[in-house]
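Accompanying notes for the structure given below.
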Amino acid sequence: MPELPEVEVVRRGLERWAAARTVASVEVRHPRAVRRHPAGAADFAARLTGHTLGTAHRRGKYLWIPLAGEGTSILAHLGMSGQLLIQPEDAPEEKHLRIRFRFADDARTELRFVDQRTFGGLSLHPEAQGAADGLPDVIAHIARDPLDPRFDEGAFAASLRRRRTTIKRALLDQSLISGVGNIYADEALWRARLHYDRPTATLTRPRSAELLGHVRDVMHAALAVGGTSFDSLYVNVNGESGYFDRSLDAYGREGEPCRRCGTAMRRRQWMNRSSYFCPRCQRPYAPRSLRPAGASGGGTGTAGPAARRQ
DNA sequence: AAGACCACCTGCGTGC
DNA sequence: TGCACGCAGGTGGTCT
C-alpha cells in the first residue's frame with residue numbers, strides 16, 4: 001500500500017492489533033519477501049521467534065517495529081501491492097500470502113504479509129545509534145516526511161532552489177521529502193496550480209511553503225477517511241478500504257472537468273507513469289524572456305507565471 | 001556526482 | 001478464446 005496516508009493507516013492498525021504480542025513462529029512463504037534480509041528466510045524466522053513486538057513507527061512509506069529489548073527492528077515496505085493483515089488463524093490463505101506470524105497468546109489472530117507484485121518486503125535491522133525512534137540505518141537516507149513535526153521546511157525550500165530538476169520529480173524524491181507518491185504529488189500540484197515540469201529552482205520560498213501546505217492538507221484529508229483505495233489491494237490491517245478516491249481532484253481524472261475551472265483534465269506519459277493535471281490551471285512554466293510580448297497579462301514585475309492566478 | 005532511467009514482479013483491462 | 005500490449009499507488013542500482 002503505497003503512499004504516506006495509506007501506510008499510516010497500516011501503522012495505526014499494527015499499533016492497535018500487533019503491539020505487545022509475542023511471536024510464536026514465523027513462516028516465510030516466498031524468498032523475495034525477505035530479499036532485503038541478507039541472512040535469509042530461516043534466519044529471519046529464527047531471530048523473531050520468542051520476541052515481543054513493540055509499537056510500529058513510520059517514516060514516509062517505511063514502517064518499522066522494534067523488538068522489545070532487542071535493539072533490533074522489523075523493517076517493512078509495502079512496495080506497490082503489499083498488505084499487512086491481522087487475520088483469524090483459520091482464515092483461508094490469501095493467494096499472495098508471503099509471510100505469516102503466529103503469536104503466543106489467546107487472541108486467535110495472526111499477522112500476514114500479503115503482496116501480489118513482490119516489490120515490498122520485510123527485513124531485520126539493528127537500530128541506528130542515537131537515531132530517532134530507533135530508525136533502522138538502511139533507511140537513514142530517507143528524508144523526514146511532511147507530517148513529521150521535525151520536517152525542516154526551510155531546508156526543503158532551499159534544496160528546491162538549489163536543484164536542477166522539476167517539481168514532480170522532487171516531490172517523488174524520498175531523500176528530499178518522503179511519503180509523497182504519484183497520487184498525492186498530482187493532488188498537491190493541482191491544489192497549488194503548479195505544472196509538474198516546473199523547474200524547482202523557479203519556486204520562491206513562499207511558493208514552496210504553499211505547496212508543502214497543500215501536500216500536508218491532502219494527506220491529512222486522506223488520512224481522515226482511511227486513505228485512498230481504488231480496489232481491494234489497498235486496505236488497512238482489517239482488510240477495509242479507505243474512501244479518499246472519491247475526493248481526488250486530479251489523479252485518474254483524465255477527460256473529466258477540472259473541479260475549479262471545468263476544463264477537461266489531461267493525462268501525460270511521464271517517467272513511465274502518468275501525470276494528471278488541468279491544462280488551464282496548471283500551465284507549463286515559461287520564463288518571461290521566452291514569452292511572446294504581452295503574454296504575461298498585466299504583469300506587475302513580480303516573479304512570472306507563478307504569480308498569476310486564474 | 002546529481003540527476004535520469006529502467007529493471008524488478010503479477011494481474012487486469014483492452015483491442016485485435 | 002487467446003494473445004499481445006499497456007498500465008498500476010515504488011524503489012534502488014546503474015548509467016551519464
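Letters A, B, ... mirror the listed sequences (proteins, then strands); counts begin at 1.
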Open item on the list: Is the phosphate of B:dG11 approached by A:Lys95 (side-chain N or O, under 4.0 Å from OP1 or OP2)?
Closed with: yes
Open item on the list: Is A:Ser274 close enough to C:dC7 that one of its side-chain N or O atoms is under 4.0 Å from OP1 or OP2 there?
Closed with: no
Task: cation_pi(A:Arg259, A:Trp190) dist<6.0 Å, angle<=45 - done: no
Open item on the list: Without decimals, in angstroms, what is the distance between A:Gln269 CD and C:dG6 P?
Closed with: 10 Å
Open item on the list: Check this for me: does any side-chain nitrogen of one of A:Glu15 and A:Arg12 sit under 4.0 Å from a carboxylate oxygen of the other?
Closed with: no
Task: Lys/Arg N to Asp/Glu carboxylate O, A:Asp90 vs A:Arg108, below 4.0 Å - done: no
- [ ] Give the rounded distance in Å between these two atoms: CZ of A:Arg32 and P of B:dT10.
- [x] 8 Å
Task: Pairwise P distance for B:dA7 and C:dC5, with rounding to whole Å - done: 16 Å
Task: d(OH, A:Tyr184; C1', C:dA8) in whole Å - done: 15 Å
Task: Charged N-O contact under 4.0 Å between A:Arg58 and A:Asp145 - done: yes
Task: Between B:dG3 (C1') and A:Leu160 (CG): distance, integer Å - done: 15 Å
- [ ] Using a 4.0 Å heavy-atom cut-off across all strands, classify A:Phe230 as base, sugar-phosphate, or nothing.
- [x] base
Open item on the list: Does this structure show an ion pair linking A:Glu6 with A:Lys61, if we count only N-O contacts that are shorter than 4.0 Å?
Closed with: no
- [ ] For A:His96 and for A:Asp173, locate the closest nucleotide of DNA chain B by heavy-atom distance; then report the residue assigned to the nucleotide nearer the 5' terminus.
- [x] A:Asp173
Task: Shortest non-hydrogen contact from A:Phe113 toward A:Gly120 - done: CZ-C, 3.9 Å
Task: C1' atoms of B:dG11 and C:dG12, separation to the nearest Å - done: 24 Å
- [ ] Let me know the distance between CD of A:Glu254 and P of C:dC7, rounded to the nearest Å.
- [x] 10 Å
TODO: For the side chain of A:Arg163, starting at C-beta, report the closest nucleotide among B:dG3, B:dC5, B:dC9.
DONE: B:dG3
Task: Between C:dG9 (C1') and A:Tyr276 (OH): distance, integer Å - done: 11 Å
Task: Touch class at under 4.0 angstrom, heavy-atom based, for A:Glu187 against every strand present - done: nothing
- [ ] Would you mind checking if A:Arg100 and A:Glu93 are paired as a salt bridge, meaning a charged N to carboxylate O distance below 4.0 Å?
- [x] yes
Open item on the list: Check this for me, if you would: do A:Arg268 and A:Asp197 make a salt bridge, where the nitrogen-to-carboxylate-oxygen distance has to be below 4.0 angstrom?
Closed with: no
- [ ] Would you indicate what A:Asp231 reaches in the nucleic acid, counting non-hydrogen atoms under 4.0 angstrom: base, sugar-phosphate, or nothing?
- [x] base
Task: Spacing between A:Lys168 atom NZ and C:dG9 atom P, to the nearest angstrom - done: 8 Å
TODO: Counting Watson-Crick and G-U wobble pairs only, both distances under 3.5 Å, name the nucleotide matched with C:dA8, or none.
DONE: B:dT10
Open item on the list: Using a 4.0 Å heavy-atom cut-off to protein, can you give one letter per nucleotide of nucleotides 10-16 of chain C, 5' to 3': B if the base is in contact, S if only the sugar-phosphate is, - if neither?
Closed with: BSSS---
Task: Pair partner, C:dG2 [Watson-Crick or wobble, under 3.5 Å] - done: B:dC16
Task: Atom P, compared across C:dG6 and B:dC6: separation rounded to whole Å - done: 14 Å
Task: Under 4.0 angstrom between A:Thr118 side-chain N/O and B:dC8 OP1 or OP2 - done: no
Task: A:Asn272 CG - C:dG6 C1' separation (whole Å) - done: 11 Å
